[in-house]
Every structure is written in C-alpha cells, then in structure tokens.
Protein chains: 2
Amino acid sequence: MAQSAEKADISEKAQENTAELCTERIIHRGIVESVRSAMPEEAELYDLADFFKIFGDRTRIAILWALSESEMCVCDLCMLLDMKQSAVSHQLKLLKQSRIVKYRREGKVVYYSLDDDHIRRVLNLGRQHIQEQR
Amino acid sequence: MAQSAEKADISEKAQENTAELCTERIIHRGIVESVRSAMPEEAELYDLADFFKIFGDRTRIAILWALSESEMCVCDLCMLLDMKQSAVSHQLKLLKQSRIVKYRREGKVVYYSLDDDHIRRVLNLGRQHIQEQR
DNA sequence: TTATTATATGAACATATAATAATATGTTTT
DNA sequence: AAAACATATTATTATATGTTCATATAATAA
C-alpha cells in the first residue's frame, strides 16, 4: 500500500527528470530500511574517509613507515625519501592536521613521530593485509 | 672524506640545477641509515597506499558501512545511498578489485558483502579513532 | 524470439590532490 | 644587529579520481 504509493511517486519523478534521482526500485525494502537506521551521520562518513585518505598515498605511507621506526626531523626524511623539503613539509602538514603524527621542536630542528599506538595498529593491519594478498 | 666529497658534489649540482636533487644536509646520518634498512620495497609502499586509498572516499565508506550491517544488492545500495546505479557499480568494481568485498550472483541480482573479517577490523579501528577525536 | 530487468563498462568532464618553484617564517650563531 | 639554517607556506601545474551519460552485457519472463 505504502509501497504502491511510492512506486507511483517514483515513476512520476522518472517522467519529470530521469537523471535527478535514483529511480531504481527497492528489491529488499526491509534490509534497506534496517541498514539505513544503522548508518552514521554524514559528517562521520566524511571524517572516516578523510582519516583513511591520509594513509592512501605512497609518500605518506613511506613517512609513516619511517616514523614507525624512529622519530625523525624533516631534513632526515628528505634525505631518506629523496624528496624536496617542501614536498615533505606538505605531507607532514596533512599528517599533523589529522593528528596522525605529532612533533616537537628543538632549536631549528623539528622532530616528527607517530601520534599514538592507534596509528601503529592501523599501519600494521594494512601491512598484514597486503602480506596475505601476496 | 666520502662525506666532503659528497658535499662538494651536491653544491656543484646545486649550481647547475637546484631543482634536481634533495640538497639538504643529513643531520642524523645514523638514524637515516638504520631507518633506510627497515624500509620496505617500493611495491609494498604502493600496495599499502592503494589498500588504504580504497577506504579514503565517502561513497566507498558508506558502502562498506552498509555491507558491514548486511549483504546487499546493487539496487538496494543505490536506494540506500541515493546514488546512480552506475556510480555504485563503479565503486563496487574498485572494492571488488581490491578484494575488499566479494559477491554472489542469484539470477539477475548480484549480492555484495565484506570479503573477510580483516576488513571489518580496519573499519572498526577507523571508527574508534574518529570517535576518540570528537 | 523479443521485452524487461539488474548490473557492468567506456568515455568525458569536473574536481581533488601531490609535487614544484619561489618565498616567507622562525631560530640560532656570529 | 646580520647571516645562516631548518622548516613552513603560497601559487601553480600536472596528474588522479569520482560522477555522469550512454551503452553493453547477462539473466529472466512473455
């Protein structure tokens, strides 16, 4: 009843503008509704994606891997990774903003390290995963 | 000796072309060398980054969150996420290629689900992390 | 067979992102 | 104070990525 009403609604919309909305029919209404109620808020989806996005770059993974071995300064990272200082600083800024690394200053030198063991655990899960896929 | 030779070499290059190489001085040679020996191969860095990259998108996170609740077909996902079917299929293809989701066909309908508990653990670690940051 | 439905794919476009060059900032040393 | 140095930032450019449209494929029903 509610279902056929909605179907009518959908085909109406489809006539107006096929491109505007998802005009698919629901196949498993019950599942869709129960999953919908388990979905988080928009902001949480974006935060979660943004968190993982940081790990999704070769340069940042290299930096994180290095920092998982030892605290390092920017200059050391440049040399290790054979990269321009500004490129390294850019990535460190992102890592800093996401609270994935922390830093301490000692005179002119800034030392970076992993923010907490949480980050190390995420890294290790990823390492495990790709090991298994080989 | 080797060191001063290298320095001379670097400043020479710097004169020719400042942009060519990392011209920074090494501050902590010992650390750089020991970390260098702990770094993985290039391919492993890329694989790890590619793995996390998949989680670094709102749409894919939404799909994964949904699939962590229940197996779903493409059509259901379209309705749940209010997205075009082709957009959903494109993302499912990426998830499939990375072996993050698996699928089974039942007639015309294709059901997707998380590939293994590994994926669920990665997701949950991420969820925990952003919870703590709030 | 043809029609219908569910999903997949290719190409194009718009946006996001990483690296670079050039420059600025902040710290120490002289 | 000025010079030297380590790091940060801004603007730009090249590349990567997500969504859309159009179309293709696969399975079922008539």
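Lettering follows sequence order; numbering is per chain, from 1. Reckoned from all heavy atoms, side chains included, excluding hydrogens, waters and symmetry mates. This one's a predicted model, so the numbers in the text were calculated from it and none came from an experiment.
Counting to the nearest Å, the C1' atom of dG26(C) and the CD atom of E106(A) are 16 Å from each other. Taking atom NZ of K93(A) as the reference point, atom P of dT25(C) lies 14 Å away to the nearest angstrom. Across the protein-nucleic acid pair, L95(B) atom CG and dA8(C) atom C1' stand 15 Å apart, rounded to whole Å. For the pair M83(B) CE and dT20(D) P, the computed distance is 6 Å after rounding to whole Å. Protein atom CZ of R58(B) is 13 Å distant from nucleotide atom P of dG18(D), rounded to whole Å. Look at CG on L92(B): it is 14 Å from C1' on dT19(D), rounded to the nearest Å. For D57(A) and dA14(D), the CG to C1' distance is 15 Å, given to the nearest whole Å. Rounded to whole angstrom, the span from the CZ atom of R104(B) across to the P atom of dA27(D) amounts to 15 Å.
Residue K53(A) is the one, among A87(A) and K53(A), whose nearest nucleotide of DNA chain C lies closer to the 5' end (criterion: closest heavy atom). The residue among G107(A) and R60(A) whose nearest nucleotide of DNA chain C is located toward the 5' end is R60(A).
For dA8(C), the OP1/OP2 oxygens have no side-chain nitrogen or oxygen of S86(B) closer than 4.0 Å. Phosphate contact (OP1/OP2 of dA8(C), side-chain N/O of Y112(B), threshold under 4.0 Å): present. Distances shorter than 4.0 Å separate none of the side-chain N or O atoms of Q85(A) from OP1 or OP2 on dA19(C). Note on K108(B): every side-chain N or O is 4.0 Å or more away from OP1 and OP2 of dA29(D). An OP1 or OP2 oxygen of dA8(C) is reached within less than 4.0 angstrom by a side-chain nitrogen or oxygen of K96(B). A sub-4.0 Å separation between OP1 or OP2 of dA19(C) and a side-chain N or O of Q91(A) is present.
Taking every side-chain heavy atom of H90(A) into account, dA21(C) is the closest of dA6(C), dC21(D), dA21(C). The side chain of V109(B) has dT7(C) as its nearest neighbour among dT17(D), dT7(C), dT7(D). Looking at the side chain of R105(A), the nearest of the listed nucleotides dA6(D), dA6(C), dT27(C) is dT27(C). Nearest nucleotide to the side chain of C75(B), out of dT9(D), dT7(C), dA19(C): dT7(C).
Looking at heavy-atom distances under 4.0 Å, L94(A) makes contact with sugar-phosphate atoms alone, never a base.
Atom OH of Y46(B) is surrounded by 12 or fewer heavy atoms from other residues, nucleotides or ligands within 6.0 Å.
For H118(B) and F51(B), the gap between ring centers reaches or exceeds 6.0 Å.
Using a distance-only test at 3.5 Å, with no hydrogens or angles considered, a donor-acceptor pair links the side chain of D76(B) to the main chain of H28(A). Of the possible polar contacts, one joining the S68(B) side chain to the W65(B) backbone as a donor-acceptor pair under 3.5 Å is found. Under the 3.5 Å distance criterion, the side-chain polar atoms of D57(A) are matched with a main-chain donor or acceptor of R60(A).
Annotation: side chain of F55(B) is in contact with side chain of I119(B) (closest heavy-atom distance under 4.5 Å). Two residues are said to be in side-chain contact when any heavy atoms from C-beta on lie closer than 4.5 Å; M79(B) and C75(B) fail this criterion.
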*Let me have DNA chain D in dot-bracket notation, would you? Count Watson-Crick plus G-U wobble pairs, both distances under 3.5 Å, and use [ ] for pairs crossing earlier ones and | for inter-strand partners.*
||||||||||||||||||||||||||||||
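For K102(B) and Y112(B), the positive end is not near the middle of the six-membered ring at less than 6.0 Å and at most 45° from its axis.
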